[in-house]
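Okay, structure first, notes after.
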Protein chains: 2
Amino acid sequence: MDDVARLAGVSTATVSRALRGLPTVSTATRERVLAAAEQLDYAVSPSASRLAGGRTGTIAVVVPRITRWFFGTVVEAVEEFLHEAGYDLLLYNLGGREQTRQRVLRTTNLPKRADGVILVATPLRPTDLTALAALDLPGVTISSGSAVPGWPCVRIDDVATARTATRHLLDLGHRRIAHISGDPDDELAFTTHLDRRRGYQDALHAAGVRPDPSLDVESQFTIDGGARATEELLRRGDPPTAIFAASDEMAMGSISTLREAGLRVPQDVSVIGVDDHDLAGVLGLSTIAQPAADQGRLAARLLLDPLRATTLDPLRASVLGPLGAPLDPAAGDGTATTSVILPTRLVVRESTAPPRAH
Amino acid sequence: MDDVARLAGVSTATVSRALRGLPTVSTATRERVLAAAEQLDYAVSPSASRLAGGRTGTIAVVVPRITRWFFGTVVEAVEEFLHEAGYDLLLYNLGGREQTRQRVLRTTNLPKRADGVILVATPLRPTDLTALAALDLPGVTISSGSAVPGWPCVRIDDVATARTATRHLLDLGHRRIAHISGDPDDELAFTTHLDRRRGYQDALHAAGVRPDPSLDVESQFTIDGGARATEELLRRGDPPTAIFAASDEMAMGSISTLREAGLRVPQDVSVIGVDDHDLAGVLGLSTIAQPAADQGRLAARLLLDPLRATTLDPLRASVLGPLGAPLDPAAGDGTATTSVILPTRLVVRESTAPPRAH
DNA sequence: CTGAAAGCGCTTACAG
DNA sequence: CTGAAAGCGCTTACAG
């Protein structure tokens, strides 16, 4: 930076300002600095910049399992948004390891590594919430059960989504509709499966069908979880004519088990999932599509907008107007949790049909 | 850190040494420092540590698309290894954006952000190689077409893998065997599809079958790419009795198209892929399984072992012996490229069967 | 085995 | 609009 300053005939302070685009630099000076930096192929040292400026230019993204469709898709969208904005992405994949969760949420002194964090479907205990609040770090959650005070939350309406899926099966004439969802080991405040179960029950009630507990099986949100839940369902005898799986991956596991058991989909059993997984089309799986990439992009934006606004000179920020303004007015007060709810939509393919008796 | 030093009654230099486990600290002192740090809930500032020490404690991981099975699985394994070793992971998802590739490989001054880089199946032009060499950064490639001088490479034997797949089809009695693979837009030095094509042709030749160019279609390594390649194949008339797809995702797209065209798998057309994708079982897809997670773990280890060795005091490193030693002696000379080749294995499921005429 | 001191390369009040 | 100077919080020779 000294070299650049010398070449441009200014101080390093001015080089710093010019390179960051601060408005308090005359156009002529800025151009001279930029030219000098270019000529010397200079780029600021992130380490020094962080230490002196207190900003890391990095966002931490925490997902349960990057290999699952929803999380991979979210991360891809977040990554693109962040990198286009000049931010780096630190990836934390919990992978079911409780200790990792602890480390990420506590010890890691995240605030010194990142300017903000995006928590995707990360289960949070009350103590975790306290820990997060203590970090005093900007953050956004995606499809999180437990809202973090002051953090925006991007998600879909899980209850409505489940209702739509169940109603689709009801409309086809099904009455014995099973539901596979949830994680039995999950004593954490992760409510996605609870919400989806509620929507399922709501829809049944609205149609005058009393939910049969023996048709409601808990398992993991994975292919394997869906397979095992379906095995359990079949083991109980008197199988359902339709299954609403809480995710496409569960639905795929379910279909696999049904076929192995000699049951045809949809002739013997209809199956519907949630997600619109990349492979849903290949498998002919009916589903409720949710916009995973949009949720990622939006979360990244909600996180970055305020960060970028405070980076700007206050004067300029007021001139820029909308750029600095939070997407939702309510997000501004620092403690309220703004939920942005994105729409889902029914996609009917070949895995759902009227029951045979019809 | 000043506080810790004061509480422990030593200098900050000693605190620094004790906390990093350097061997030049007496046990008593170390314990006092650790206790003080614990008591004050102290953790070093990464920014300051980086600036002063020159090490970032971070590894950059570059993948083409995190949403594809192979890359997601690799990243998950790498993430676990890195975090257990106390390193952070910076994710770069190329996503087909050429400019991102440029930025990552050049401008980003990677060496100031990461201590090393893992390049997963990243196409490299000769100029990229020059750029990488100029970075003077430790790195490892996974399944890269172009070897980077001095970097270890972890991969499978693509030629042998393709040969095995093709031979499986030949053994079943197929003679009209199509191949879908490759990226027609790929003028980069990414050789995976070339190697797989060669294995395919080798196997045909060995069986006395002359490869039919009209049965060899190029497309993308995706579900959609497989679907389109298969459409093209059917459009050409006189369809094959079997298809060897260069990846499971392509195979899945292929199956989808075949079914839409009214062809049954495997009765009318057999299909085999490469990967052993999570959903290969659900789809009954025969495939050549490759160890994606193992490749990720191994790459991370090959990258970290030398880094950690140089972090240690030379004296201690020699005491520790094997820890500091490179996995492969040849990896040590700094310019040779060591390839570690992991085994693949044929997994026969329901998508392959003898041709009907049989 | 330990400490004093320099220095890593920036950013930020502060003053002008 | 710009500069001089302090300081961000560590690590590392160097000396002992």
Side-chain angles (χ1 to χ4, degrees), chain A residues 1-34 36-37 40-58 86 88 109 111-113 115 307 310-316 319, chain B residues 1-34 36-37 40-58 86 109 111-113 115 307 310-316:
Chain A
M1 186 177 249
D2 277 332
D3 298 336
V4 175
R6 211 170 300 125
L7 184 57
V10 296
S11 68
T12 57
T14 298
V15 172
S16 172
R17 293 187 190 107
L19 256 31
R20 283 177 298 146
L22 294 191
T24 63
V25 180
S26 75
T27 315
T29 308
R30 183 192 316 285
E31 275 167 8
R32 231 168 339 117
V33 171
L34 291 180
L40 296 174
D41 201 21
Y42 168 81
V44 301
S45 153
S47 313
S49 176
R50 283 170 194 206
L51 181 57
R55 266 173 260 99
T56 64
T58 302
D88 272 336
N109 59 359
K112 289 185 179 164
R113 297 175 191 276
D115 299 336
L307 289 181
T310 60
T311 301
L312 296 172
D313 181 283
L315 175 63
R316 182 136 186 258
V319 171
Chain B
M1 186 179 250
D2 276 332
D3 298 335
V4 176
R6 213 169 300 126
L7 183 58
V10 296
S11 70
T12 58
T14 299
V15 172
S16 173
R17 294 186 190 108
L19 256 30
R20 282 177 297 147
L22 295 191
T24 63
V25 179
S26 74
T27 315
T29 307
R30 183 191 316 284
E31 277 167 7
R32 236 174 330 123
V33 171
L34 291 180
L40 296 173
D41 200 21
Y42 168 81
V44 301
S45 152
S47 313
S49 175
R50 283 170 194 206
L51 181 58
R55 264 172 262 100
T56 65
T58 302
N109 58 359
K112 290 186 179 162
R113 297 175 191 274
D115 299 337
L307 289 182
T310 59
T311 300
L312 295 171
D313 181 284
L315 176 63
R316 182 138 187 256

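Below, read A as the first sequence line, B as the second, and so on, with proteins coming before strands; counting in each chain starts at 1.
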Donor-acceptor pairs under 3.5 angstrom involving side-chain atoms of residues 41-49 of chain B: please list them, not counting sequence neighbours.
{"unit_1": "B:Ser45", "atom_1": "OG", "unit_2": "B:Ser47", "atom_2": "N", "d": "3.4"}
{"unit_1": "B:Ser45", "atom_1": "OG", "unit_2": "B:Ala48", "atom_2": "N", "d": "3.2"}

Check: Roughly how many Å is it from CZ in A:Arg50 to P in C:dT11, rounded to a whole number?
Finding: 12 Å
Checklist line | d(NZ, B:Lys112; C1', C:dG9) in whole Å | finding: 9 Å
Item checked: Interatomic distance, A:Asp2 CG vs D:dA5 P [rounded to whole Å] -> 14 Å
Notebook entry, point to check: Looking only at heavy atoms, what is the nearest atom pair of B:Val25 and B:Arg30, with distance?
Noted result: O-NH2, 3.3 Å
Next item on the list: Check the distance between C:dT11's C1' and A:Asp115's CG and give it to me in whole angstrom.
Entry: 14 Å
Checklist line | Distance-minimising heavy-atom pair for A:Ala5 and A:Val15 | finding: CA-CG2, 3.5 Å
Next item on the list: Taking atom C1' in both D:dG16 and D:dT12, compute the distance separating them and give it to the nearest angstrom.
Entry: 16 Å
Check: Starting at the 5' end of DNA chain C, what dot-bracket string do you get if Watson-Crick and G-U pairs under 3.5 Å are bracketed, crossing pairs use [ ], other-strand pairs use | and unpaired bases use dots?
Finding: |||.||||||||.|||
Next item on the list: Not counting sequence neighbours, which residues clear side chain to side chain contact (heavy atoms under 4.5 Å, CB included) with B:Ala52? List them please.
Entry: none
Checklist line | For the student: nearest non-hydrogen atoms of B:Gly57 and B:Asp115, plus distance | finding: N-OD2, 2.8 Å
Next item on the list: Using only heavy-atom distances, determine whether the side chains of A:Thr29 and A:Arg17 contain a donor-acceptor pair under 3.5 Å.
Entry: no
Notebook entry, point to check: In whole angstrom, what separates B:Leu40's CG from D:dG9's P?
Noted result: 15 Å
Checklist line | Any A:Ser47 side-chain nitrogen or oxygen under 4.0 Å from OP1 or OP2 of C:dG9 | finding: no
Next item on the list: Supply the atom-to-atom distance A:Thr58 OG1 to A:Lys112 NZ, rounded to the nearest 0.5 angstrom.
Entry: 15.5 Å
Note to self: Is any side-chain heavy atom of B:Leu19 closer than 4.5 Å to one of B:Leu34?
What the structure shows: yes
Next item on the list: Verify, without hydrogens or angle tests, whether B:Arg113 (side chain) and B:Thr56 (backbone) share a donor-acceptor contact under 3.5 angstrom.
Entry: no
Next item on the list: Rounded to the nearest angstrom, tell me the gap between atom CZ in A:Arg55 and atom P in C:dC10.
Entry: 15 Å
Item checked: Residues in salt bridge (Lys or Arg N to Asp or Glu O under 4.0 Å) contact with A:Arg20, at least two apart in sequence or another chain -> none
Could you run down the sub-3.5 Å N/O contacts of the protein with nucleotides 1-4 of chain C?
{"unit_1": "C:dT2", "atom_1": "OP1", "unit_2": "B:Ser26", "atom_2": "OG", "d": "3.1"}
{"unit_1": "C:dT2", "atom_1": "OP1", "unit_2": "B:Thr29", "atom_2": "OG1", "d": "2.2"}
{"unit_1": "C:dT2", "atom_1": "OP2", "unit_2": "B:Ser26", "atom_2": "N", "d": "3.0"}
{"unit_1": "C:dT2", "atom_1": "OP2", "unit_2": "B:Thr29", "atom_2": "OG1", "d": "3.3"}
{"unit_1": "C:dG3", "atom_1": "OP2", "unit_2": "B:Ser11", "atom_2": "N", "d": "3.0"}
{"unit_1": "C:dG3", "atom_1": "OP2", "unit_2": "B:Ser11", "atom_2": "OG", "d": "3.1"}
{"unit_1": "C:dG3", "atom_1": "OP2", "unit_2": "B:Thr14", "atom_2": "OG1", "d": "2.6"}
{"unit_1": "C:dG3", "atom_1": "N7", "unit_2": "B:Arg17", "atom_2": "NH1", "d": "3.3"}
{"unit_1": "C:dG3", "atom_1": "O6", "unit_2": "B:Arg17", "atom_2": "NH2", "d": "2.5"}

Between the protein and nucleotides 6-8 of chain D, list every N/O to N/O distance that falls short of 3.5 Å.
{"unit_1": "D:dC8", "atom_1": "O2", "unit_2": "A:Ala52", "atom_2": "N", "d": "3.4"}

Item checked: Selection residues 3-15 of chain A - residue pairs positive for side chain to side chain donor-acceptor pair (under 3.5 Å), sequence neighbours left out -> A:Asp3-A:Arg6, A:Ser11-A:Thr14
Next item on the list: Examine C:dC10: is either OP1 or OP2 under 4.0 Å from a nitrogen or oxygen in the side chain of A:Ser16? Give yes or no.
Entry: no
